[in-house]
Amino acid sequence: MSINKLVSIKVPILEAFGDIGLDHTKNYPDFVRWAVRAEKEIGSAHALTRQIKTLTVDKYRVEIPCEAMYIQKVLLGDYSKDVADILFDSYCTTAYNTSFTATDTFLVVDNPGAGREVTFGGLRWEIQDNHIVFSGMYDKQKVTVQYLGVEKDQDGLPKVGENHTEAIVAYIMYRYAQRSRFTPNKMDLGDLQMLKRDWGVLASEARAMDDQPSESDHNEMVALLHNSFSGFGFDVNMHNREY
């Protein structure tokens with residue numbers, strides 16, 4: 001299994017400053033904004049970590065932490081991380097084949113990507129505008145939320161996969177060149193298009209590296225490609241986007 005090392009998003013930002021030859025003081029906010037945009041465009045589940053937080057309900061809704069990407073499980077009540085882990089593991093792992101009634105503290109077990117959710121007790125909720133919205137009033141009560149969220153560095157900036165660095169640098173350079181079109185020192189349109197192509201290629205490579213097959217998967221694909229009966233069809237369909 002490959003190791004997906006995370007680094008601060010400042011790493012590609014500082015590399016971009018060095019490559020362009022700029023003083024980072026003036027342009028730093030723009031470079032941060034572009035770097036975050038590039039990371040969102042690339043996307044990676046490897047940059048997300050499991051996190052647990054206790055939040056306070058304001059009347060009938062509670063704001064979700066801004067770094068959260070997927071809400072997994074929610075408990076009504078204030079629990080430490082260790083206790084929440086025990087409760088989640090004890091009940092959620094058997095949620096699909098066990099019936100029990102003493103679980104009113106559970107709101108929901110949400111399994112992103114599986115297309116189903118399981119509700120315990122009579123409490124209902126949904127997500128609207130980055131808030132968990134309840135069907136009833138639970139003002140000032142505590143909820144413990146487990147979610148997959150973006151890991152941050154000591155300055156509060158997101159961490160990104162180390163293999164995304166080159167792609168993020170390319171995107172920053174492309175956006176900086178694009179902005180030059182509105183200044184007296186316009187960059188040549190051909191150079192701008194070249195930078196855009198570089199960003200596209202590097203972003204695709206970064207996504208591919210995130211999903212790099214294991215050695216056994218690679219050997220299986222090689223065997224399929226060289227199979228006299230299935231190889232041709234497998235090769236054609238693997239590279240045919242339309243189908």
Side-chain angles (χ1 to χ4, degrees), residues 1-22 24 26-51 63-72 110 112-115 127-131 147-183 186-213 238-243:
M1 179 180 291
S2 60
I3 299 174
N4 301 291
K5 183 180 178 181
L6 298 179
V7 297
S8 171
I9 204 168
K10 289 185 292 186
V11 171
I13 291 172
L14 294 177
E15 282 194 20
F17 277 121
D19 291 347
I20 299 174
L22 288 175
H24 73 275
K26 181 180 178 182
N27 296 280
Y28 185 75
D30 290 332
F31 277 38
V32 170
R33 176 167 53 87
W34 291 336
V36 171
R37 175 66 182 273
E39 174 63 13
K40 287 182 178 179
E41 290 286 335
I42 296 170
S44 175
H46 300 306
L48 303 179
T49 59
R50 186 177 71 95
Q51 303 178 39
E63 185 174 2
I64 300 171
C66 60
E67 70 272 12
M69 300 298 291
Y70 299 100
I71 300 296
Q72 293 183 306
D110 187 12
I127 295 177
Q128 296 177 0
D129 191 24
N130 207 47
H131 285 75
Y147 59 89
L148 295 180
V150 178
E151 188 171 342
K152 295 184 177 181
D153 63 14
Q154 64 273 17
D155 296 322
L157 292 174
K159 289 186 175 183
V160 300
E162 189 176 38
N163 59 300
H164 293 188
T165 299
E166 282 192 75
I168 294 174
V169 170
Y171 184 78
I172 292 173
M173 295 178 73
Y174 161 62
R175 290 299 301 268
Y176 185 78
Q178 189 179 46
R179 189 170 68 178
S180 76
R181 303 292 295 172
F182 303 97
T183 67
K186 294 181 175 63
M187 179 169 283
D188 182 75
L189 186 59
D191 291 337
L192 182 62
Q193 293 298 323
M194 181 185 67
L195 289 171
K196 186 177 181 179
R197 286 194 298 270
D198 289 346
W199 145 247
V201 170
L202 290 170
S204 296
E205 289 181 357
R207 296 188 194 103
M209 290 174 68
D210 285 340
D211 296 322
Q212 190 171 5
M238 186 171 64
H239 296 94
N240 191 333
R241 286 189 169 278
E242 186 176 356
Y243 300 101

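Numbering starts at 1 and runs along the sequence shown.
Scanning for salt bridge (charged side-chain N to carboxylate O under 4.0 Å, His left out) contacts around Arg181 gives an empty result, with sequence neighbours left out. Legend: residues meeting side-chain hydrogen bond (donor to acceptor under 3.5 Å, both in side chains) with Glu166, ordered by chain and number and at least two apart, are absent. Shown here are the salt bridge (charged side-chain N to carboxylate O under 4.0 Å, His left out) partners of Asp153, two or more places apart in sequence or in another chain: there are none. Looking at residues two or more places apart in sequence or on another chain, you find a side-chain hydrogen bond (donor to acceptor under 3.5 Å, both in side chains) between Tyr174 and Gln178. For Gln154, the side-chain hydrogen bond (donor to acceptor under 3.5 Å, both in side chains) criterion is met by no residue, not counting sequence neighbours.
To the nearest 0.5 Å, the span separating CG on Asn163 from CE on Met209 amounts to 4.5 Å.
Sorted by first and then second residue, the salt bridge (Lys or Arg N to Asp or Glu O under 4.0 Å) pairs involving residues 33-43 (not counting sequence neighbours) are Asp30-Arg33, Arg37-Glu41. Within the structure, salt bridge (Lys or Arg N to Asp or Glu O under 4.0 Å) contacts touching residues 6-15 (residues at least two apart or in different chains) are Lys10-Asp155.
Between Cys66 and Lys152, the shortest heavy-atom distance links the atoms SG-NZ, 3.7 Å. Nearest heavy atoms, Ile42 versus Ala167: CD1-CB, 3.7 Å. Taking both residues in full, the closest heavy atoms of Val36 and Ile9 are given as N-CD1, 3.7 Å, listed atom of the first, atom of the second, then distance. Between Ala35 and Ile13, the closest heavy-atom pair is CB-CG1, 3.8 Å.
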Listing, residues 186-206 side-chain donor-acceptor contacts under 3.5 Å, not counting sequence neighbours, or none:
from: Lys186; atom 1: NZ; to: Thr183; atom 2: O; distance (Å): 3.4
from: Asp188; atom 1: OD2; to: Gly190; atom 2: N; distance (Å): 2.9
from: Asp188; atom 1: OD2; to: Asp191; atom 2: N; distance (Å): 3.4
from: Ser204; atom 1: OG; to: Gly200; atom 2: O; distance (Å): 3.1

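The aromatic rings of Phe31 and Phe17 lie parallel to each other, with less than 30° between the two planes, well short of the 60° mark.
In this structure the side chain of Lys159 never reaches within 4.5 angstrom of the side chain of Val150, judged on heavy atoms. Looking at heavy atoms from C-beta onward, Tyr176 lies in side-chain contact with Asn27 at the 4.5 angstrom threshold. Residues Val11 and Val160 are not in side-chain contact: their nearest non-hydrogen atoms beyond the backbone lie 4.5 Å or more apart.
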Where do Glu162 and Leu6 land on the side chain to side chain contact (heavy atoms under 4.5 Å, CB included) test, with the steps shown first? CA-CA 6 Å; Glu162 189 176 38; Leu6 298 179; over 6 Å; no
